[in-house]
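All values derive from a computational prediction rather than experimental measurement.
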Amino acid sequence: MKTNLKVVAMIPARFEASRFPGKLMQDLAGKTVILRTYEAALNSQLFDAVYVVTDSQQIFDEIKDNGGQVIMSEKEHECGSDRIAEAAEQIKADIILNVQGDEPFINEKALSKLLKVFETDTEHKIDLASLKTKLVEYEAIENPNNVKVITNLEGLALYFSRSPIPFHRDKEVKVAYYKHVGIYAFRKQALLDFYKMPMSPLEAAEKIECLRHLENGKTIKMIETDEISIGIDTPEDLIQARRHFQ
C-alpha cells in the first residue's frame, strides 16, 4: 500500500567495495546482485520511482540494459548517502529511501514499516528512519561487520558501533543486541543536509555513515524487523545468499 507522500528509492552502487570489490556484479541465481536488489525494490510497489546511482560504467550498463533507471555520479563519494544526495538534488520527492545495493532480500513488509514512520510523524520530528534486527549468537554480536545500534525508550538511536554495545557488565540484567540493517528512509531535506556536512570524527573512526547524522543533531527512528536480511559484505555472504535463493 503506497503512502500519500511522494516516495523514491535510490540504490547507491559503488563497484570498488573495500571488503569485496565487484560484489554487486557477482552472480546471484542467474542475475547480478545489483539487479536483484533493484528488482526487489521495484517489485515492492512502494515507490513512485526506483533509481540506481553508481560510479561504474559496468553497473550503469547492467541496469540500463535491463530496462532500469540509473544515474551516473558526477563526483567521488565516501559513502552511499553522499552518492544518492548528489543525485537527489534533481529528484522531486518527499521521502527518499536508501536501499543498499548489497541487500537483495529486504522485502515489502520491512520497507512499509519505515515509510509508516513518516505518515504518522505529522510534526516532522523524525529526520530519518532505519531498521534493526535482533542478534542472538555471540559470534554475530562480536563480528565488526555487523553494526550494532542502541536506542532510547522511544526507539530513537543513541549510538551505532562495530563493537558490541551495550557492554554487558552486569550479567543479571537482560540485554538485547541489535544489528543495524543498512536501509534508510530520509526526509529529502535531511539527506541534502547530510551531503553538506563534513565527515564527522565518530563516522571517520567507526566507518559508519549514520553517525554523521547523530553528531549533527539529527533524529533517527529505529524500527525493529524480523525479516530475513542477508547483506553481502564478503564472498562467504554471497555463498549464503545463493543458498537462500535455492
Side-chain angles (χ1 to χ4, degrees), residues 2-12 41 44 46-51 53 71 77-101 103 106 109-133 147-162 165 178-225 229 231:
K2 294 179 76 70
T3 74
N4 295 322
L5 300 165
K6 183 172 177 59
V7 181
V8 171
M10 305 190 86
I11 306 170
S44 73
L46 290 169
F47 307 108
D48 295 287
V50 179
Y51 298 90
V53 187
I71 299 168
H77 297 290
E78 292 288 338
C79 69
S81 293
D82 280 335
R83 187 173 303 285
I84 67 168
E86 178 202 291
E89 290 181 310
Q90 310 304 320
I91 300 292
K92 288 186 177 180
D94 297 304
I95 305 299
I96 295 175
L97 200 139
N98 176 352
V99 179
Q100 299 291 352
E103 293 266 2
I106 288 294
K109 185 177 177 182
L111 298 179
S112 294
K113 287 181 178 180
L114 277 187
L115 299 179
K116 192 72 175 176
V117 168
F118 298 99
E119 284 204 313
T120 56
D121 179 36
T122 55
E123 296 182 7
H124 289 207
K125 291 183 177 180
I126 306 299
D127 296 302
L128 61 151
S130 195
L131 296 172
K132 65 177 183 178
T133 189
V147 172
K148 274 69 68 175
V149 59
I150 49 175
T151 67
N152 69 9
L153 298 178
E154 296 180 351
L156 301 179
L158 293 172
Y159 193 64
F160 300 83
S161 183
R162 297 185 182 278
I165 50 173
Y178 290 95
K179 175 185 176 180
H180 178 218
V181 180
I183 291 182
Y184 306 89
F186 300 90
R187 292 195 184 279
K188 182 179 176 181
Q189 190 57 53
L191 179 60
L192 298 182
D193 289 345
F194 177 87
Y195 190 39
K196 295 168 186 172
M197 295 183 246
M199 182 181 287
S200 61
L202 292 175
E203 177 193 8
E206 292 253 24
K207 294 294 183 283
I208 301 172
E209 64 185 66
C210 46
L211 288 172
R212 191 188 312 180
H213 295 286
L214 289 185
E215 287 189 85
N216 285 279
K218 299 294 185 181
T219 304
I220 307 175
K221 177 74 171 181
M222 299 303 301
I223 302 298
E224 185 173 354
T225 179
S229 171

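- Under the 3.5 Å distance criterion, the side-chain polar atoms of K179 are left unmatched by any main-chain donor or acceptor of K148.
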L115 and L46: CA distance, side-chain angles, deciding distance, side chain to side chain contact (heavy atoms under 4.5 Å, CB included) verdict: CA-CA 9 Å; L115 299 179; L46 290 169; 4.2 Å; yes
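- Using a 4.5 Å heavy-atom threshold, the side chains of N98 and I183 count as separate.
- Proximity of K6 to K188: side-chain heavy atoms (C-beta onward) are nowhere separated by under 4.5 Å.
- Considering NZ of K132 and CD1 of I220, their distance stands at 12.5 Å, rounded to 0.5 Å.
- Here the closest heavy-atom approach between residue L192 and residue A85 is recorded as CD2-O, 3.9 Å.
- In this structure, the side chain of E224 does not engage the main chain of L131 through any donor-acceptor pair within 3.5 Å.
- Each of I150, V149, I165 was scored for a side-chain contact (heavy atoms from CB on, under 4.5 Å) with F160, with one residue passing: V149.
- Taken to the nearest 0.5 Å, the CE atom of M222 stands 15.0 Å off from the CD atom of E154.
- Heavy atoms only, all atoms of each residue included: V53 and I84 are closest at CG2-CG2, 4.3 Å.
- Looking only at side-chain heavy atoms (C-beta outward), H213 and L128 come within less than 4.5 Å of each other.
- Proximity of I223 to T225: side-chain heavy atoms (C-beta onward) are nowhere separated by under 4.5 Å.
- Side chains of F118 and H124 form no contact here, defined as non-hydrogen atoms less than 4.5 Å apart.
- In this structure, D127 does not pair ionically with K221, as no charged nitrogen and carboxylate oxygen lie closer than 4.0 Å.
- Not counting sequence neighbours, K92 has no partner by the salt bridge (Lys or Arg N to Asp or Glu O under 4.0 Å) test.
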side-chain hydrogen bond (donor to acceptor under 3.5 Å, both in side chains) assessment of E206 paired with S161: CA-CA 7 Å; E206 292 253 24; S161 183; 2.8 Å; yes
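- Residues Q100 and V181 have side chains not in contact (no heavy-atom distance under 4.5 Å, counting atoms from C-beta outward).
- Applying the 6.0 Å contact sphere to CD of E89 captures more than 12 heavy atoms from other residues, nucleotides or ligands.
- Note: E86 CD to S81 OG = 13.0 Å, rounded to the nearest 0.5 Å.
- Atom-to-atom distance recorded for Y159:OH and C210:SG is 9.5 Å, nearest 0.5 angstrom.
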Residue pair T151, L156: steps toward the side chain to side chain contact (heavy atoms under 4.5 Å, CB included) verdict: CA-CA 5 Å; T151 67; L156 301 179; 5.8 Å; no
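- Looking at heavy atoms from C-beta onward, I95 lies out of side-chain contact with F186 at the 4.5 angstrom threshold.
- Shortest non-hydrogen contact noted between E119 and N4 is OE2-N, 3.5 Å.
- Classification of R187 and D121 as a salt-bridged pair holds, one side-chain N sitting under 4.0 Å from a carboxylate O.
- Nearest approach of I11 to A41, heavy atoms of both residues: CD1-CB, 4.4 Å.
- The residues D82 and R212 are annotated as salt-bridged, a charged nitrogen and a carboxylate oxygen being separated by less than 4.0 angstrom.
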For L111 and L97, what are the C-alpha separation, side-chain angles and deciding distance, and is it a side chain to side chain contact (heavy atoms under 4.5 Å, CB included)? CA-CA 9 Å; L111 298 179; L97 200 139; 3.9 Å; yes
Stepwise, does the side chain to side chain contact (heavy atoms under 4.5 Å, CB included) test hold for M10 with I71? CA-CA 10 Å; M10 305 190 86; I71 299 168; 4.3 Å; yes
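- L191 approaches A88 most closely through the heavy-atom pair CD2-CB, 3.9 Å.
- Between E203 and E209 the shortest side-chain heavy-atom distance falls below 4.5 Å.
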